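See structure below.
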Protein chains: 4
Amino acid sequence: MQTGRAHTGRRRNEEARRAILEAAVDLLSGGPGDGTVSVDAIAAAAGVGKQTIYRWWPSKGAMLLDALAEYAEAEVPAPDTGTLAGDLEAFLTATFRLGARPATAALLRKIAAEAQQDEHTAQLLHAFAQQRRAALIALARRGAAPDPELLADQAFGVLWYQLLILHAPLEEEAARRLAHALAHQGH
Amino acid sequence: MQTGRAHTGRRRNEEARRAILEAAVDLLSGGPGDGTVSVDAIAAAAGVGKQTIYRWWPSKGAMLLDALAEYAEAEVPAPDTGTLAGDLEAFLTATFRLGARPATAALLRKIAAEAQQDEHTAQLLHAFAQQRRAALIALARRGAAPDPELLADQAFGVLWYQLLILHAPLEEEAARRLAHALAHQGH
Amino acid sequence: MQTGRAHTGRRRNEEARRAILEAAVDLLSGGPGDGTVSVDAIAAAAGVGKQTIYRWWPSKGAMLLDALAEYAEAEVPAPDTGTLAGDLEAFLTATFRLGARPATAALLRKIAAEAQQDEHTAQLLHAFAQQRRAALIALARRGAAPDPELLADQAFGVLWYQLLILHAPLEEEAARRLAHALAHQGH
Amino acid sequence: MQTGRAHTGRRRNEEARRAILEAAVDLLSGGPGDGTVSVDAIAAAAGVGKQTIYRWWPSKGAMLLDALAEYAEAEVPAPDTGTLAGDLEAFLTATFRLGARPATAALLRKIAAEAQQDEHTAQLLHAFAQQRRAALIALARRGAAPDPELLADQAFGVLWYQLLILHAPLEEEAARRLAHALAHQGH
DNA sequence: AAGTAAACGAGACGGTACGTCCTGTCTTCTT
DNA sequence: AAGAAGACAGGACGTACCGTCTCGTTTACTT
């Protein structure tokens with residue numbers, strides 16, 4: 001179990017990593033030109049060479065996914081209020097609140113778009129989604145929901161649908177109504 | 001109040017229109033290189049000049065949306081089985097069946113991707129989605145569903161979520177379970 | 001995992017220097033990919049860190065110039081046969097023989113190319129050329145050539161012209177004819 | 001005897017071609033930043049898309065070679081003064097005069113540098129040089145020079161040597177002395 | 001029949017973004 | 001302190017694609 005060789009050479013510059021991710025978030029959310037955000041623009045805004053981006057991420061999409069994780073690092077907690085309705089409401093309001101932030105919304109949109117064209121990004125997005133989905137499924141299962149997987153698909157489906165297709169703002173009130181409906185579903 | 005002018009000049013070539021739409025569908029669904037499909041590639045495959053595409057459609061996305069309409073022309077009927085559950089099941093099964101076809105799925109994916117980057121396509125997709133959404137809302141309202149809009153968002157949400165994020169096949173059984181759940185939602 | 005080469009710790013490692021110069025020569029002359037040779041490639045082939053190159057040479061061109069000096073270290077002697085024709089023939093044959101070697105030719109080419117883009121290399125190449133030129137001028141002056149500078153320019157001109165523009169092999173016979181012509185030039 | 005099909009599609013834009021070539025010359029000669037001239041910079045200065053350059057020239061070097069041909073279009077005439085010395089002087093002063101212009105000199109240098117790294121440019125430069133060389137050889141042969149090929153190599157050798165290695169200005173007086181020496185060469 | 005107008009296949013154009021490569025510098029650990 | 005390893009900023013490269021703009025040809029209606 002020898003490591004083979006200790007690490008030599010310069011280490012990854014954590015500042016550069018952060019600057020890239022922050023520049024991506026800033027450009028996507030804040031920018032006046034809310035249109036396309038190029039890798040060149042991100043690199044320039046981060047004060048970084050483009051190669052530094054491609055050294056650490058295999059594609060633009062992968063980098064954006066990391067930016068998302070960084071930006072929305074606050075894990076949505078798996079609450080335990082005692083009732084399915086309460087847990088669902090807590091989970092979904094927190095989730096929707098994240099998705100309501102312009103930066104997060106822009107990131108999710110860009111990543112989803114990228115994933116339709118780039119297989120690699122598609123896999124990463126899939127993994128990301130499955131992780132969130134698993135958390136919600138666990139919550140639903142604990143609350144004895146009749147079909148936890150379906151419940152998760154409905155919940156995240158509404159989120160992505162609003163975001164990608166309807167371009168509608170995500171409101172907490174909607175999350176609450178959704179939680180209520182899902183909690184009283186089935187027989 | 002001039003009549004304007006009677007049409008002079010060559011008329012639109014219906015064959016070209018069809019060739020373009022078919023080429024788009026073929027390249028998107030069938031092709032071995034199922035990756036990006038460029039307008040150039042579609043024009044070449046259709047044996048058509050690129051301008052012929054842009055003469056009739058304002059953007060790539062608009063053309064793809066038309067290809068979708070052409071290819072999935074079978075309108076999902078608004079059934080009347082007497083019960084909300086029955087109507088929902090009929091509607092959703094038909095809808096999922098359409099989305100299960102590889103060509104339709106590929107089109108929906110490309111269009112959604114395009115819509116994240118191009119405002120014009122976004123509006124067209126939005127209009128398309130709203131039309132389908134309105135049909136389902138009407139159905140739900142007739143069946144006295146407690147929150148027809150939310151019901152529609154959940155139904156289409158699951159569809160798009162599977163398509164865009166999970167890249168999961170759309171199965172009729174899933175549509176049935178979804179219909180059942182939605183019909184028994186709320187108090 | 002023996003490193004093969006020991007570190008001296010303090011003084012300049014002569015082996016590293018030699019490895020670098022040899023790797024440069026090898027890559028430039030021998031390699032199948034006789035195209036561009038990057039500093040990274042030379043460092044890797046020499047088993048050397050890139051910084052070790054830049055610690056001792058101010059630029060890529062300077063290093064190549066040293067490689068040239070090392071590889072073609074055999075100074076062309078300033079012969080004294082008694083006649084201008086004889087001296088010229090001896091000098092030029094030796095010079096062309098050096099330039100005929102693939103490694104030397106490749107080095108000269110790369111250095112000349114580098115010098116067109118990098119001012120520093122240009123100066124070094126200029127100095128190198130002037131030194132050789134001075135030797136030939138002295139020889140010509142001793143032989144009472146009517147215009148020693150012009151003679152030198154013609155001699156080295158032919159060499160570089162063949163090398164850089166015509167990509168022609170340098171043949172000794174050509175050197176002999178050139179020497180003969182230059183010796184009988186002017187009145 | 002039909003060719004199969006007449007040309008269809010938009011024709012090459014002559015203005016774009018000229019703008020590119022002129023921008024290349026301007027940037028190379030005039031610019032304050034006399035350093036590297038990138039294809040992007042040329043395209044931008046010409047008001048042209050980069051692809052328009054790569055559509056018509058296989059490499060940067062090929063384009064520069066065309067720029068040279070365009071800029072120095074005035075063919076050096078093959079004069080006939082009756083004597084070899086006179087013809088040589090006319091030819092070489094004209095040739096040196098061209099090479100003395102900053103724009104031409106910069107172009108020749110860039111092209112030569114490019115040719116050492118890019119095989120394709122090398123071939124084009126070779127062809128260009130051979131054409132000029134053939135003209136001078138014909139002239140020398142007509143004047144009964146003892147070794148026309150060698151004479152041509154000496155003449156162009158001096159030119160390129162001054163340009164690439166010595167970075168010396170090309171003066172007409174030098175051309176005259178060179179012509180005189182070459183005319184009275186050999187027995 | 002001649003004239004005129006529009007659509008067509010073809011393909012060049014300006015522009016934007018991509019991902020790769022290379023130079024010269026900087027940083028970390030090793031000897 | 002010098003070296004091997006390798007990350008970094010910066011900048012150029014050549015490719016792909018979009019939507020627009022000509023060409024010359026073909027088709028249809030109008031006079």
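Lettering follows sequence order; numbering is per chain, from 1. Everything quoted here is computed from the prediction, not taken from an experiment.
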Q: Please figure out whether B/S59 or B/G9 has its closest DNA chain F nucleotide nearer the 5' end.
A: B/S59
Q | Below 4.0 Å: OP1/OP2 of E/dG19 and any side-chain N or O of A/W57 | A | no
(Q) Less than 4.0 angstrom between a side-chain N/O of D/T8 and OP1 or OP2 of E/dG9, yes or no? (A) no
Q. Taking atom P of E/dG9 as reference, at what distance in whole Å does atom NE2 of D/H7 sit?
A. 16 Å
**Q.** Non-hydrogen atoms of B/L64 and B/L107 that approach each other most closely
**A.** O-CD2, 3.8 Å
**Q.** side-chain N/O D/W56 vs E/dC13 OP1/OP2, d < 4.0 Å
**A.** yes
Q. Minimum heavy-atom separation for A/G61 to A/E114, with atom names?
A. CA-CG, 3.8 Å
Q: Using whole Å, report how far CZ of C/R55 lies from P of E/dT27.
A: 14 Å
Q) With distance as the sole criterion, do the side chain of D/R11 and the base of F/dC23 form a donor-acceptor contact below 3.5 Å? A) no
Q | Within-4.5 Å side-chain heavy-atom neighbours: D/Q116 and C/H167 | A | yes
Q | Distance-only donor-acceptor test (3.5 Å): side chain A/R10, base E/dC26 | A | yes
**Q.** Ring-face cation contact, D/W56 with D/R12, 6.0 Å cut, 45° max
**A.** yes
**Q.** Steps toward salt bridge (charged side-chain N to carboxylate O under 4.0 Å, His left out) verdict (A/E15, A/R18)
**A.** CA-CA 5 Å; A/E15 277 188 66; A/R18 199 131 45 158; over 6 Å; no
Tabulate protein N/O versus nucleotide N/O from nucleotides 20-22 of chain E, keeping only pairs under 3.5 Å, one per line.
| from | atom 1 | to | atom 2 | distance (Å) |
| --- | --- | --- | --- | --- |
| E/dC21 | N4 | A/Q51 | OE1 | 3.1 |

Q. In whole angstrom, what separates A/I20's CD1 from E/dG19's P?
A. 14 Å
Q) Would you say a side-chain N or O of B/R12 is under 4.0 Å from OP1 or OP2 of E/dA6? A) no
Q. When you match B/D118 and A/G47 each to their closest nucleotide on DNA chain F, which lands nearer the 5' end?
A. A/G47
Q. Expressed in angstrom and rounded to an integer, what is the separation of B/Q117 atom CD from F/dC18 atom C1'?
A. 12 Å
